[in-house]
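Heads up, the thing below is written out as structure tokens.
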Amino acid sequence: MIESEKLENKNLIEKSVTHLEATGFEHIKADMEGYETPKSYTRKGHDSKITPDIVAIKNGRKYFFDISLKSKKPRLLKTKWLFLDTISRMKSDRFRIITTKGHYKFTEDMLEDINLANKQPIKL
């Protein structure tokens with residue numbers, strides 16, 4: 001999810017964190033009260049920052065999670081997903097997308113557009 005949408009959808013981040021805790025993830029970092037904020041990456045030559053929505057560890061492996069919602073700026077979202085996927089591959093980590101009812105088709109189309117169709121979104 002892009003920065004402008006995070007304020008509107010805090011309940012979805014809380015629901016995602018609860019789901020991840022229930023499935024065995026530890027050391028969760030999220031952009032919400034009571035949790036440490038995940039590390040941000042700055043794009044070279046731009047003022048924009050890329051921050052994963054949630055970062056967690058399971059079985060000693062780091063996972064980056066991004067929440068997928070219908071967006072007015074799909075290009076920005078695609079850039080973020082490609083960057084997070086690349087970073088996770090470089091460090092042998094994992095990148096997953098979390099989506100919810102009503103946003104699943106949008107998420108599938110976006111993943112197909114950027115050749116990440118092999119990613120199966122987590123449905124909440």
Side-chain angles (χ1 to χ4, degrees):
M1 161 173 27
I2 57 177
E3 289 297 321
S4 60
E5 297 170 340
K6 281 188 182 181
L7 296 174
E8 302 166 9
N9 298 294
K10 282 192 175 198
N11 61 340
L12 190 56
I13 294 175
E14 290 174 14
K15 188 176 178 182
S16 299
V17 168
T18 304
H19 173 75
L20 293 175
E21 286 174 340
T23 54
F25 285 91
E26 303 170 329
H27 307 292
I28 295 175
K29 296 179 183 179
D31 263 347
M32 58 184 260
E33 205 170 301
Y35 290 89
E36 190 178 332
T37 306
K39 180 181 176 183
S40 294
Y41 300 92
T42 307
R43 290 178 58 188
K44 225 176 195 180
H46 292 71
D47 289 337
S48 62
K49 289 184 178 181
I50 296 177
T51 307
D53 293 334
I54 303 168
V55 176
I57 295 175
K58 184 175 185 179
N59 298 331
R61 186 166 295 224
K62 189 183 224 179
Y63 286 78
F64 294 97
F65 294 96
D66 202 61
I67 298 172
S68 174
L69 299 173
K70 291 178 186 172
S71 176
K72 294 175 184 167
K73 298 181 179 180
R75 190 170 180 194
L76 201 63
L77 196 56
K78 287 178 188 178
T79 303
K80 181 179 180 182
W81 290 357
L82 282 171
F83 177 77
L84 291 174
D85 185 57
T86 303
I87 285 289
S88 64
R89 287 176 191 232
M90 284 173 44
K91 297 182 177 182
S92 298
D93 295 332
R94 299 286 185 259
F95 172 60
R96 299 283 185 265
I97 293 175
I98 300 172
T99 190
T100 183
K101 185 177 179 181
H103 302 275
Y104 193 66
K105 179 69 174 150
F106 171 79
T107 303
E108 275 187 340
D109 292 343
M110 292 277 288
L111 289 171
E112 200 170 297
D113 286 350
I114 56 176
N115 295 325
L116 290 179
N118 61 341
K119 298 271 183 218
Q120 285 294 91
I122 299 169
K123 297 180 190 178
L124 291 183

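Along the sequence shown, the residues carry numbers beginning at 1.
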Contact list for residues 92-101, test salt bridge (Lys or Arg N to Asp or Glu O under 4.0 Å), sequence neighbours left out | none
Would you say Y63 and I57 make side-chain contact, with heavy atoms under 4.5 Å?
-> no
Could you go step by step and tell me if T100 and K123 meet the side-chain contact (heavy atoms from CB on, under 4.5 Å) rule?
-> CA-CA 5 Å; T100 183; K123 297 180 190 178; over 6 Å; no
Measure the spacing between CH2 of W81 and OG of S68 and express it to the nearest 0.5 Å.
-> 3.5 Å
Test side-chain contact (heavy atoms from CB on, under 4.5 Å) on L69 and F106 and set out the steps.
-> CA-CA 8 Å; L69 299 173; F106 171 79; over 6 Å; no
Correct closest heavy-atom pair for S92 and R61 would be O-NH1, 3.6 Å
Does K80 use its side chain to pair, donor to acceptor, with the backbone of T51 at less than 3.5 Å?
-> yes
Between CD1 on residue I87 and CG on residue L82, distance to nearest 0.5 Å | 12.0 Å
Heavy atoms only: give me the nearest P52-P38 pair and the separation to one decimal.
-> O-CG, 3.5 Å
Interatomic distance, D85 atom CG to I114 atom CD1 [nearest 0.5 angstrom] = 7.5 Å
Around atom CG of N118, are there more than 12 heavy atoms of other residues, nucleotides or ligands at under 6.0 Å?
-> yes
Are the side chains of F83 and I50 in touch, meaning some heavy atoms are under 4.5 Å apart?
-> yes
Pairwise distance CD1(I54) to CZ(F64) - rounded to 0.5 angstrom = 13.0 Å
With hydrophobic residues grouped by side-chain heavy-atom distances under 4.5 Å, do I67 and L124 end up in a single group?
-> yes
With distance as the sole test, does H27 use its side chain to make a donor-acceptor pair with the main-chain N or O of A56 at under 3.5 Å?
-> no
Is any side-chain heavy atom of D53 less than 4.5 Å from a side-chain heavy atom of S16?
-> no
Give the intermediate values and the outcome of side-chain contact (heavy atoms from CB on, under 4.5 Å) for residues D66 and F95.
-> CA-CA 8 Å; D66 202 61; F95 172 60; 4.0 Å; yes
Would you name the heavy atoms of P121 and L111 that are closest together and state the gap between them?
-> CG-CD1, 4.0 Å
Do the side chains of K78 and M110 get nearer than 4.5 Å, heavy atoms only?
-> yes
Test side-chain contact (heavy atoms from CB on, under 4.5 Å) on M32 and K10 and set out the steps.
-> CA-CA 7 Å; M32 58 184 260; K10 282 192 175 198; 5.8 Å; no
NZ of K58 to CD1 of I28, rounded to nearest 0.5 Å, is 10.5 Å
Distance, nearest 0.5 Å, that separates NE2 of H103 from CD1 of I98 = 13.5 Å
